[in-house]
Amino acid sequence: MYGILDCNSFYASCERVFKPHLIDKPIVVLSNNDGCVIARSEEAKDFVPMGAEAFKYENVFKENAIHVFSSNYSLYGDLSTRVMSILSKFSPDIEIYSIDEAFFKLDHVKEDEIADYILIIKNTIEKWVGIPVSIGVAPTKSLSKVANKIAKKYFEKTHGIYVITNEEQRVKALKWTKVENVWGIGRRISKQLKLQQIYSAYNFTMLSDDYVRKKFSVVGLRLKQDLLGEPIIGFEAVKNKQHIATTRTFEKSLKEYEPIKERLATFANACAEKLRIQHSECMCLYVFLKTSSYSKVQRNVGVVIHLPYATNSSFIICKYAVKGLNQLFLKGYNYKKTGVIVMGLKPESQHQFSIFEDEKPKHKVLMNVIDGFNLKCGTSKIKIANQDFKTWKMKQDYLSPRYTTAIDEIIEIKCN
DNA sequence: TCTGGGGTCCTAGGACCC
DNA sequence: TCTGGGGTCCTAGGACCC
């Protein structure tokens, strides 16, 4: 049996952990630069759609006494780690699927004890971390997702947990599930399915293999079989990333070359650091530069740069990223976003030397020292010279403290 | 003035090999 | 009129996820 644990309104719940007076109050959390809504508590869902532009909804926030937060990834990341580590005490086999979700196996639990067991998991996490969660269990991953939806939807009845064990429950659950809510069926495919009068997940599983295969490829076919109760979608091992991106929208648009170069250098450096964390090197970079997609005058350009040898040196990646920018930058535009994506990743251990290279990959020792120092003394204490001394602030007008990861932002308790 | 930021997998088609 | 039968690798684009 597969379980999926999903934190309820995760970012909003994180904000509540240290502000318990917000329990039962509507909360929204905004994206970087306070751009749009990326998380809503249950209470806020009726007033604000997902992705709503913050500046358009200011009045809605006020009128409905909605508490607004800038995203605080230090806090969410740390609380996520705590949730996952508790879950891993209850199951030897977990697959962290996203910041707020994890699949886990329950082979070690007898079938008739599963419901009790997952209730203990749920209660423990709520008690130890303070994050409410929902858990669905079923014979396959895609069915566990369905079970999870039921657990959330009928909270009063299910207390946030639901188990699909037999065929009757499976069919009932799939008949209840709208086809567009199936994990793996997105907007395009659900639209096509509805044109064929396929409205429920159950209808989808009744289509012929041939038709599904032809129309939606092996991906669709695997999903169908998984929904039928045959575990086809397996556990994913933790793998190194195949590409790594660092991209940001600027708070205000930038016209001049220098500040954009600084941003890009910082992003290139960040990519290099991420590469070193997973012990990979990259063979090429993609650099892009764009104006706001809402502005009248558009410039939206990118370039792939092949490196002479695989590297994860901040200096080299940065140097080539700036070379890319030099090809892309034209004066006279209001640029709003730039970014670097490193691609063609290879394990460091399989470094292919070239005839002109030293016996050690470039800057390896130096990068080790820099990473070690930054780890010990704080991120970005050592930067490269293309970067500014100052920290670029994004718009974060509603940022809560990093209660659990910064000692000077730790919660204060006033005692009489 | 204001509109995140990451990822994955699959397929078709082109270019090449024998 | 007719023109085989395998392969591989790479890329762009489309679909999906959070």
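Convention: sequence-line order gives letters A, B, ...; per-chain numbering from 1. These values consider heavy atoms only, across backbone and side chains, with no hydrogens, waters or symmetry-generated copies.
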Please report the distance, rounded to the nearest Å, between [atom1] in [X] and [atom2] in [N].
X: A/Arg187; N: C/dG14; atom1: CZ; atom2: P; answer: 15 Å
X: A/Gln278; N: B/dG6; atom1: CD; atom2: P; answer: 15 Å
X: A/Phe216; N: C/dG14; atom1: CZ; atom2: C1'; answer: 14 Å
X: A/Asn240; N: B/dT8; atom1: CG; atom2: C1'; answer: 14 Å
X: A/Lys56; N: B/dT3; atom1: NZ; atom2: P; answer: 11 Å
X: A/Asn181; N: C/dC16; atom1: CG; atom2: C1'; answer: 15 Å
X: A/Lys290; N: B/dG5; atom1: NZ; atom2: P; answer: 10 Å
X: A/Leu399; N: B/dG4; atom1: CG; atom2: P; answer: 18 Å

Within the structure, does a side-chain N or O atom of [X] lie under 4.0 Å from either OP1 or OP2 of [N]?
X: A/Lys145; N: C/dC18; value: yes
X: A/His243; N: B/dG6; value: no
X: A/Arg213; N: B/dT11; value: yes
X: A/Ser292; N: B/dC2; value: no
X: A/Lys336; N: B/dG4; value: no
X: A/Lys337; N: B/dT3; value: no
X: A/Ser217; N: C/dA15; value: no
X: A/Gln192; N: C/dA15; value: no
X: A/Arg222; N: B/dC9; value: no
X: A/Asn32; N: B/dG5; value: yes

[X] has a side chain; which of [options] sits nearest to it?
X: A/Val218; options: C/dA15, B/dG4, B/dT11; result: B/dT11
X: A/Ile189; options: B/dG4, C/dA15, B/dT8; result: C/dA15
X: A/Phe55; options: C/dC18, B/dG6, B/dC2; result: B/dC2
X: A/Ala245; options: B/dG7, C/dC18, B/dT8; result: B/dG7

For a quick check of understanding: with a heavy-atom distance under 4.0 Å over all strands, which category does [X] fall into, base, sugar-phosphate or nothing?
X: A/Leu30; result: nothing
X: A/Glu101; result: sugar-phosphate
X: A/Asp100; result: sugar-phosphate
X: A/Tyr97; result: sugar-phosphate
X: A/Lys241; result: sugar-phosphate
X: A/Ile99; result: nothing
X: A/Thr246; result: sugar-phosphate

field: Between CG on residue A/Leu285 and CG on residue A/Leu307, distance to nearest 0.5 Å
entry: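 Output value for this atom pair is 4.5 Å.
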
message: Determine whether the aromatic ring of A/Tyr294 stacks with the base of B/dT3, defined as ring centroids separated by less than 5.5 Å and ring planes inclined by less than 30°.
response: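 Yes, the aromatic ring of A/Tyr294 stacks with the base.
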
- prompt: Under a 3.5 Å cut-off for both distances, is B/dC18 Watson-Crick or wobble paired, and to whom?
  reply: C/dG5

- request: Tell me which of A/Glu58 and A/Glu236 sits closer to the 5' end of DNA chain B, going by the nucleotide each one is nearest to.
  value: A/Glu58

- prompt: Toward the 5' end of DNA chain B, which comes first, A/Ser253 or A/Val219, by nearest nucleotide?
  reply: A/Ser253

What is the ring orientation for [X] with [Y], classed by angle as parallel under 30°, tilted 30 to 60°, or perpendicular over 60°?
X: A/Phe18; Y: A/Tyr403; value: parallel
X: A/Tyr73; Y: A/Tyr76; value: perpendicular
X: A/Tyr211; Y: A/Phe216; value: perpendicular

query: Judged by modelled atom types alone, do A/Asn269 and A/Ser314 share a side-chain donor-acceptor pair under 3.5 Å?
result: yes

task: May I ask you to check whether A/Ser208 and A/Arg213 show a side-chain donor-acceptor distance below 3.5 Å?
output: no

message: Looking only at the aromatic ring of each residue, does the gap between the centers of A/Trp183 and A/Phe103 stay below 6.0 angstrom?
response: yes

message: Taking A/Lys194 first and then A/Glu180, would you say they form a salt bridge - that is, a charged N and a carboxylate O separated by under 4.0 Å?
response: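 Judged by the 4.0 Å cut-off on N to carboxylate O distance, A/Lys194 and A/Glu180 do form a salt bridge.
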
query: If you measure from the P atom in C/dC18 to the same atom in B/dT3, how many Å do you get, rounded?
result: 25 Å

